[in-house]
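Report on the following structure.
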Amino acid sequence: MAHHDSLNYWLVKQEPSTYCWDTFLKEGETEWTGVRNFQARKNLRAMQAGEQVLFYHSVIRPSVMGVALVVTSAYPDPTATEGDWSAVILKPVYTLRRPVTLAEIKADLDLQDMALIKQSRLSVMSVTKQEFSKILAKA
DNA sequence: GCCAACGTTGGC
DNA sequence: GCCAACGTTGGC
């Protein structure tokens with residue numbers, strides 16, 4: 001029976017030297033593979049097609065770069081040679097007018113509860129609708 | 001480049 | 001099951 005699940009919002013983190021926003025834009029779609037952390041996996045597995053994702057660059061000028069969309073919910077990660085890991089397919093939707101830096105996020109009282117700040121090593125995290133909107137508004 | 005925080009591994 | 005050692009992530 002169809003019912004109305006509320007949409008979730010997400011943030012995925014990537015080092016730009018590994019896979020940057022511009023490459024993602026050029027490719028138009030990517031398999032989000034290589035997650036090897038249980039909490040991040042749990043979040044990946046909760047993603048539903050059509051949900052929005054903030055794409056964040058870590059390490060080099062840490063900032064939110066753009067918005068992506070979940071194309072395909074979790075399936076077995078084809079890059080995993082052992083263990084039970086998952087991947088999703090993401091596609092870029094748009095580039096922020098300007099990147100929103102971690103420093104700005106840290107300075108915003110409304111964004112203090114974000115896992116981005118509290119759990120700096122988590123690479124796939126849930127974001128509230130309010131946090132998502134606030135970050136977009138900053139761009 | 002350094003280092004703190006965190007997650008994982010392995011000895012006991 | 002505990003905890004020390006180690007490896008990795010990511011901010012600065």
Side-chain angles (χ1 to χ4, degrees):
Chain A
M1 182 203 274
H3 59 111
H4 299 282
D5 284 328
S6 59
L7 291 178
N8 294 305
Y9 296 83
W10 307 99
L11 182 147
V12 297
K13 196 185 274 187
Q14 187 58 268
E15 282 195 43
S17 60
T18 303
Y19 191 79
C20 72
W21 174 256
D22 283 349
T23 303
F24 186 35
L25 270 183
K26 278 182 203 128
E27 292 185 352
E29 185 172 285
T30 197
E31 282 190 296
W32 208 259
T33 57
V35 169
R36 299 290 183 270
N37 168 283
F38 294 112
Q39 205 181 338
R41 183 186 75 177
K42 174 172 171 281
N43 292 330
L44 264 191
R45 288 180 175 175
M47 288 183 178
Q48 300 292 333
E51 290 179 340
Q52 290 183 279
V53 183
L54 296 171
F55 187 107
Y56 175 85
H57 277 175
S58 63
V59 183
I60 301 167
R61 285 190 291 276
S63 324
V64 177
M65 301 302 291
V67 174
L69 209 58
V70 179
V71 176
T72 304
S73 59
Y75 57 95
D77 183 342
T79 71
T81 53
E82 61 174 14
D84 176 23
W85 301 107
S86 295
V88 297
I89 294 177
L90 299 179
K91 72 172 181 193
V93 181
Y94 62 89
T95 306
L96 298 190
R97 284 185 64 241
R98 60 174 197 87
V100 176
T101 67
L102 178 62
E104 290 175 81
I105 292 169
K106 282 187 163 175
D108 190 319
L109 291 178
D110 293 335
L111 302 177
Q112 296 305 298
D113 291 335
M114 290 188 74
L116 191 67
I117 297 174
K118 300 172 91 175
Q119 258 183 290
S120 68
R121 293 184 57 186
L122 185 62
S123 65
V124 181
M125 68 194 76
S126 171
V127 170
T128 68
K129 184 183 175 64
Q130 289 72 24
E131 290 162 348
F132 189 89
S133 304
K134 190 89 195 254
I135 287 171
L136 295 191
K138 288 179 179 300

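So you know, we letter chains A, B, ... as the sequences are listed, proteins then strands, and number each from 1.
Atom pair A:I117:CD1 and C:dT9:P shows a separation of 21 Å (rounding to whole Å applied). Between A:L11 atom CG and C:dG10 atom P there is a gap of 11 Å when expressed in whole angstrom units. To the nearest angstrom, P of B:dT8 lies 13 Å from CZ of A:R36. Between the CG atom of A:N37 and the C1' atom of C:dG7 there is a distance of 14 Å, rounded to whole Å. Atom pair A:M114:CE and C:dG11:C1' shows a separation of 16 Å (rounding to whole Å applied). Atom CG in A:L116 sits roughly 11 Å away from atom C1' in C:dG11 (whole-Å rounding). Between the CD atom of A:Q14 and the P atom of C:dG11 there is a distance of 13 Å, rounded to whole Å. Atom CD1 in A:I105 sits roughly 14 Å away from atom P in C:dG10 (whole-Å rounding).
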Expected rows: protein N/O vs nucleotides 3-5 of chain C N/O, under 3.5 Å:
none

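In this structure, the side chain to side chain contact (heavy atoms under 4.5 Å, CB included) partners of A:S126, at least two apart in sequence or on a different chain, are A:W10.
Annotation: of the two residues near DNA chain B, A:V59 and A:Q39, the 5′-most nearest-nucleotide partner is A:V59.
Taking the ring centroids of A:W85 and A:F38, they lie under the 6.0 Å cut-off.
The phosphate of C:dC12 (OP1 or OP2) has a side-chain N or O of A:K106 nearer than 4.0 angstrom. Checking the phosphate oxygens (OP1, OP2) of C:dT9, no side-chain nitrogen or oxygen of A:Y56 falls inside 4.0 Å.
In this structure, of B:dG7, C:dC12, C:dG10, it is C:dG10 that holds the atom nearest to the side chain of A:S123. Which of B:dT8, C:dG11, B:dG7 sits closest to the side chain of A:Q119 comes down to B:dG7.
The aromatic rings of A:F55 and A:F24 lie parallel to each other, with less than 30° between the two planes, well short of the 60° mark.
Of all heavy-atom pairs between A:E104 and A:P99, the closest is OE2-O, 3.9 Å.
Checked against A:I105 for a side-chain contact (heavy atoms from CB on, under 4.5 Å), the options A:E131, A:K134, A:M114 give a single hit: A:M114.
A salt bridge links A:D77 to A:R36: one of the charged nitrogens lies within less than 4.0 Å of a carboxylate oxygen.
In this structure, the side chains of A:K138 and A:L111 come closer than 4.5 Å at one or more pairs of heavy atoms.
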